[in-house]
Amino acid sequence: MENAEIASFFTEIADLLEIKGENPFRVRSYRNAGLVIEGLSVSIESIVEKDETGLEEIPGIGKSIHEKIVEIIKTKRCGLHDELLKEMPAGLLELLKVSGVGPKKAALLHEKLGVKGVDDLEKAAMAHKLKGLPGLGERSEEKILAAIGNYRNLKLASARFKLSVAYPSARKYVEYLRELPGISDIEVAGSLRRWKDTIGDADILVTCKKGAPVMDRFVNYPEIKEVASKGDTKSTVVLKTGLQVDLRVLEKKSFGAALQYFTGSKAHNIAIRDRARRMGLKISEYGVFSEKSGKFVTGEKEEDVYKAVGLCWIPPELRENRGEIEAAEKGEVPPLLEPEDIKGDLHVHTKESDGAFSLEEMAKAAMDMGYEYIALTDHSPAVGITHGLDEKRLKKQMEAIEDFNGRLKKRGIGFRVLKGAEVDIRADGTLDYSGDILKKLDCAVGAVHSSFNMAKEDMTKRILKAMATGGINILAHPTGRLIGAREPYEVDMERVMDAAKKYGVFLELNSYPERLDLNDTHLRRAKDKGILISIATDSHSKFHLEYIIYGVHTARRGWLEKKDVLNTRGLKELLKLLKR
DNA sequence: GCCGTTTTCGGCCCGACTGTTTTCAGTCG
């Protein structure tokens, strides 16, 4: 059972207990357990199999949640979860996703009006049954109806935004705001600054002498669909794309504290504030304060905030409360991979298969990126829709590459195009090219493109078999997920990683924003196992080479350093590593 | 329910905005 699945039991228990009006701290324990489990780089199931007492070493998991984890893995159910659902309808959980409806209102609506879900709520609001209930009036009915509309739209659009949508969108907003005179600092915070693979909303922070003109400009941005709230220091809008954007206006002396706070994650902040409290300090978005005297200690720079609680600065990508605080305490935050460490791209397509540009055009674009090499990895024939190359056409492409490299050499250019292919891993685990031709390639990338719905054991065997042939250097997009469109296929990633190690196959971090595959927790696991990662773009256009930035930051989320990445190597060392 | 540089009991992160209030609860991040 996947960690995410186990985690969702606890998140739902937290929601249900909250609706029930239980002790908020008990609620928090369950919610926190959900967060912790979801963020773990090791499979919870594998811990339980090995030695379940290992669970109690995970912070936030005590005796009671330990027992429930074991129960969930063994029985696929949880007694407490079942009992709570007997007391109230499951639709109330969905109600909480409607903006403006929290646990208290959900309970009230259920108790007074018998509301069992979002559809019921919509009917009740349209029939004006809400006004008259304590704390609810006419405005509330309008707001709730609007929120239900937004909720349904977002559900259709799969709720969270891809990095590649939110990132440019936020950058554009920042540029628009920056045009206003008087703005000194402006930064994007939140999950965007942490480079999460999906983004819930965007947070922008500014320092400015006068807040009012910034807020006015903010709510008059042409791309806005709706202004959700507007205050002196905080406003929220929803863009036409559905992306919610928050703006905070701050004093200079608070900027670092606010940046720290609004960057999150929530779990990281709770841990940091808890630490501060134990040291007699209080941290808010306005600064670090002495708990006793209430006196301002520091807050202008983010570094100062961390320093005040005895920590070195922590890169945003690590702030998930997955051990980064302990590392910072010991001064052992790893020197993370930097964009300029990348020396080349080992997975790109040309128009020979389903790309848009030629060998020359892709090579030129890679040189412009400052790379030393690029591997052309067009599809093999099995992926019919992509116009995959048969062995004859592949040989022809190899000759063209050699010819191109020869011309570069004559001109004294050190750049090199590698002969590669993205060879399909068939359903039976065999490869879509013969061993003979694979041997002649500099870089063979293996990938699954069909029969995604195999049973976990079969899929695992399929991939292990492909790796064992010795025909491939790199396993591309190892889980096959398409963010918001397709779930990862079922595969035992522990065994895939162990096999990668055994057969000397590298794993890919596919930087295509819809993929980001492997993800952050898998990457960290691979690093722990000593497997080198190839960060590649899977470019189908020369413009896609820029997507490497998403891969680099995802790698940083997985704690990867320069030494953990295959394509930080220079050409000579790379070729040695690619020998099969 | 979890946890321990004040603690095995008694705490648990903190503040803005909204709509309904006539001083605040609920929601959100």
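The chains referred to below are lettered A, B, ... by the order of the sequence lines, with proteins before strands, and numbering in each begins at 1.
Base pairing annotation: B:dG29 forms a Watson-Crick or G-U wobble pair with B:dC14, both donor-acceptor distances under 3.5 Å.
On the nucleic acid side, DNA chain B has its first and last nucleotide under 4.0 Å of a heavy atom of chain A at B:dG1 to B:dG29, going 5' to 3'.
Residue A:Leu136 is in sugar-phosphate contact alone, with no base atom involved, counting any heavy-atom pair closer than 4.0 Å across all strands shown. Residue A:Thr236 is classed as having no contact, given no heavy-atom separation below 4.0 Å to the nucleic acid. Counting non-hydrogen atoms under 4.0 angstrom, A:Ser99 reaches the backbone sugars and phosphates but no base. At the heavy-atom level, A:Val27 lies nowhere under 4.0 Å from the strands shown. If you check every strand for non-hydrogen atoms under 4.0 Å, A:Glu141 touches nothing. A:Glu67 comes within contact range of no nucleotide atom at all, as no heavy-atom separation falls under 4.0 Å. The residue A:Asn32 sits apart from the nucleic acid: no heavy atom pair falls under 4.0 Å. When heavy atoms are screened at a 4.0 angstrom cut-off, A:Tyr261 is found touching base atoms of the nucleic acid. Within the 4.0 angstrom heavy-atom criterion, no nucleotide atom of any strand lies near A:Val249. A:Pro24 comes within contact range of no nucleotide atom at all, as no heavy-atom separation falls under 4.0 Å. Among the heavy atoms of the strands, none lies under 4.0 Å from A:Pro134.
The residue from A:Lys196, A:Arg319, A:Arg322 that alone fulfils the salt bridge (charged side-chain N to carboxylate O under 4.0 Å, His left out) condition with A:Asp520 is A:Arg322.
For the residue pair A:Glu52 and A:His66, a side-chain donor N or O sits within less than 3.5 Å of a side-chain acceptor on the partner. For the residue pair A:Thr207 / A:Ser184, a side-chain donor-acceptor distance below 3.5 Å is found, with atom types taken as modelled. If you check the side chains of A:Glu12 and A:Tyr30, you find no donor sitting under 3.5 Å from an acceptor. Counting only N and O atoms by type, the side chains of A:Lys68 and A:Ser64 include a donor and acceptor under 3.5 Å apart.
Listed by first then second residue, pairs satisfying side-chain hydrogen bond (donor to acceptor under 3.5 Å, both in side chains) with a partner in residues 107-121 of chain A read A:Asp119-A:Arg152, not counting sequence neighbours.
Taking atom P in both B:dG11 and B:dT6, the straight-line distance is 15 Å, to the nearest Å. Separation of the C1' atoms belonging to B:dT21 and B:dT27 is 16 Å when rounded to the nearest angstrom. For the P atoms, the distance linking B:dT8 with B:dC14 amounts to 22 Å, nearest Å. Separating the P atom of B:dC3 from that of B:dC13 is a span of 13 Å, rounded to the nearest Å. Comparing the same atom, C1', in B:dT20 and in B:dC24 gives a spacing of 9 Å after rounding to whole Å. Atom C1' of B:dC9 sits at a distance of 29 Å from the matching atom of B:dG15, rounded to the whole Å.
Using a 4.5 Å cut-off on side-chain heavy atoms (C-beta onward), A:Leu239 and A:Lys225 make no contact.
Residues A:Lys63 and A:Lys105 each lie close to DNA chain B; by heavy-atom proximity, the contact nearer the 5' end of the strand is made by A:Lys63. Remark on DNA chain B: of its neighbouring residues A:Leu281 and A:Gly231, the 5'-side contact belongs to A:Leu281, judged by nearest-heavy-atom nucleotide.
Salt bridge status for A:Arg194 with A:Glu320: present, with a side-chain N to carboxylate O gap under 4.0 Å.
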